Amino acid sequence: MACFRSIGSLTSLTHSPRDVSRSSGIVLTSCSVHPITRSTFTGSPISLPRLQPPSQTPTRPRNLVPITMMVKPTLQFIQGTDEMTIPDVKLTRSRDGSNGMALFNFDQPSVFDSSGEVGEITGLYMIDEEGVIQSTDVNARFVNGKPEGIVAKHVMRTPKEWDRFMRFMERYSDQNGLQFVKKQ
């Protein structure tokens, strides 16, 4: 059974609409209808028979394949503007593994070339397919009054934050040819 409801009573539907007609203000959806106590609708509901989908041939099974969206891992100082300079990254971690810190050192970052045109540096954003890791502890280094580099610090306070950061760094290093070198 299909159901019709006016746009004003969309809150009564249990599923999202499939087709919204802009001209008529009617929503067609496959749904369950719940009584609406505060609606001004005074007409009677309409019941229509459900259309049967065309039969599928057994030679083409419908296996749904999940789609994973891949995002190039990147660093940004200004949201939407990728940093082209590859930093030196130093990692420290407590002996018990409960917290850690990453220190990013950028020499002559490209953000200095475009920061006046695009916007202000608001933090360090580490972006990959899992989402965004943000650090606001960012400092510029100046030599003779001219910007020379940027040092950004990211503190990880839990093992979960450490693991998330390491997954980002693994993706970022694979993309940009970085290697992990353990201190002797």
Side-chain angles (χ1 to χ4, degrees), residues 7 10-11 13-23 25 27 29 62-184:
I7 294 289
L10 270 179
T11 57
L13 301 178
T14 59
H15 300 291
S16 60
R18 286 191 190 147
D19 184 35
V20 177
S21 171
R22 300 281 184 225
S23 60
V27 176
T29 182
R62 291 192 69 183
N63 293 335
L64 298 178
V65 178
I67 298 173
T68 304
M69 190 156 169
M70 300 301 285
V71 176
K72 177 184 161 194
T74 185
L75 296 172
Q76 297 179 351
F77 291 108
I78 301 169
Q79 288 183 323
T81 305
D82 292 351
E83 177 55 48
M84 296 302 170
T85 304
I86 307 300
D88 287 330
V89 183
K90 294 182 182 176
L91 298 173
T92 58
R93 191 172 188 185
S94 65
R95 290 190 187 272
D96 65 358
S98 63
N99 57 41
M101 182 182 67
L103 197 62
F104 293 83
N105 190 2
F106 295 85
D107 288 324
Q108 295 296 322
S110 61
V111 72
F112 288 150
D113 301 334
S114 62
S115 63
E117 303 161 7
V118 183
E120 294 182 10
I121 296 173
T122 57
L124 176 63
Y125 303 93
M126 298 165 263
I127 302 167
D128 65 1
E129 64 236 26
E130 288 185 56
V132 179
I133 304 171
Q134 179 181 358
S135 176
T136 56
D137 192 353
V138 178
N139 296 300
R141 191 175 61 242
F142 291 85
V143 175
N144 296 329
K146 295 181 182 176
E148 183 70 26
I150 292 179
V151 177
K153 182 168 49 169
H154 176 63
V155 178
M156 296 150 282
R157 292 178 174 81
T158 65
K160 186 177 179 181
E161 287 179 3
W162 175 270
D163 292 341
R164 169 66 180 101
F165 174 79
M166 291 305 289
R167 288 192 305 272
F168 167 79
M169 281 308 296
E170 184 175 328
R171 293 179 188 113
Y172 184 77
S173 62
D174 288 347
Q175 182 78 29
N176 294 292
L178 296 175
Q179 289 184 336
F180 179 72
V181 179
K182 191 171 185 176
K183 188 176 179 181
Q184 307 273 335

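Source: prediction; values computed, not measured.
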Problem set entry | Note, Asn105 side chain near Leu103 side chain (heavy atom, < 4.5 Å) | no
Problem set entry | Interatomic distance, Arg164 atom CZ to Met126 atom CE [nearest 0.5 angstrom] | 9.0 Å
For this session: Scan residues 139-150 for pairs that pass salt bridge (charged side-chain N to carboxylate O under 4.0 Å, His left out), counting only residues two or more places apart or in two chains.
Result: Asp107-Arg141
Problem set entry | Atom pair CD1 (Ile150) and CG (Leu75), whose distance is rounded to the nearest 0.5 Å | 11.0 Å
Can you give each donor-acceptor pair under 3.5 Å made by side-chain atoms of residues 83-92, sequence neighbours left out, with the distance rounded to 0.1 Å?
residue, atom, partner, partner atom, Å
Glu83, OE1, Ser110, OG, 3.4
Glu83, OE1, Val111, N, 3.1
Glu83, OE2, Thr85, N, 3.1
Glu83, OE2, Thr85, OG1, 3.0
Glu83, OE2, Ser110, N, 2.7
Glu83, OE2, Ser110, OG, 3.0
Thr85, OG1, Gln108, O, 3.3
Thr85, OG1, Ser110, N, 3.3

For this session: Sequence neighbours left out, what pairs pass ring pair (Phe, Tyr, Trp, His ring centres under 6.0 Å) with at least one residue falling in residues 80-104?
Result: none
Exercise. Could you go step by step and tell me if Thr158 and Met156 meet the side-chain contact (heavy atoms from CB on, under 4.5 Å) rule?
Worked result: CA-CA 6 Å; Thr158 65; Met156 296 150 282; over 6 Å; no
Seminar exercise, completed: Of all heavy-atom pairs linking Gly97 and Pro159, the shortest is O-CG, 3.8 Å
For this session: Answer whether the closest heavy-atom distance between the side chains of Thr136 and Leu124 falls below 4.5 Å.
Result: no
Exercise. So do the side chains of Val138 and Phe77 get within less than 4.5 Å of each other, counting heavy atoms only?
Worked result: yes
For this session: Specify the closest pair of heavy atoms between Pro73 and Phe168, including all atoms of both residues, with the distance to one decimal.
Result: CB-CE1, 4.2 Å
Exercise. Quick one: salt bridge (Lys or Arg N to Asp or Glu O under 4.0 Å) partners of Arg93, sequence neighbours excluded?
Worked result: none
Exercise. With Ser173, which residues qualify under side chain to side chain donor-acceptor pair (under 3.5 Å), at least two apart?
Worked result: none
Exercise. Got a sec, which residues hit side chain to side chain donor-acceptor pair (under 3.5 Å) with Arg171, two or more places apart in sequence or on another chain?
Worked result: Asp128, Glu129, Glu130
Exercise. What distance separates Asp174 CG from Met169 CE, expressed to the nearest 0.5 Å?
Worked result: 10.0 Å
Exercise. Taking only residues two or more places apart in sequence or in another chain, which ones pass salt bridge (Lys or Arg N to Asp or Glu O under 4.0 Å) with Asp82?
Worked result: none
Problem set entry | Gln76 and Ile127: CA distance, side-chain angles, deciding distance, side-chain contact (heavy atoms from CB on, under 4.5 Å) verdict | CA-CA 8 Å; Gln76 297 179 351; Ile127 302 167; 3.3 Å; yes
Exercise. Would one find more than 12 heavy atoms of other residues, nucleotides or ligands at under 6.0 Å from atom CD of Gln175?
Worked result: yes
Problem set entry | Residues forming a side chain to side chain donor-acceptor pair (under 3.5 Å) with Asn176, sequence neighbours excluded | none
Seminar exercise, completed: Residue pairs passing the ring pair (Phe, Tyr, Trp, His ring centres under 6.0 Å) test with at least one member in residues 134-156, sequence neighbours excluded, are His154-Phe165
For this session: Applying side chain to side chain contact (heavy atoms under 4.5 Å, CB included), name anything that partners Asp96, two or more places apart in sequence or on another chain.
Result: Ser94, Ser98
Problem set entry | Contacts of type ring-ring contact (aromatic ring centres under 6.0 Å, His included), residue Tyr125, not counting sequence neighbours | none
Exercise. Given side chains that start at C-beta, do those of Val155 and Arg157 come closer than 4.5 Å, heavy atoms only?
Worked result: yes
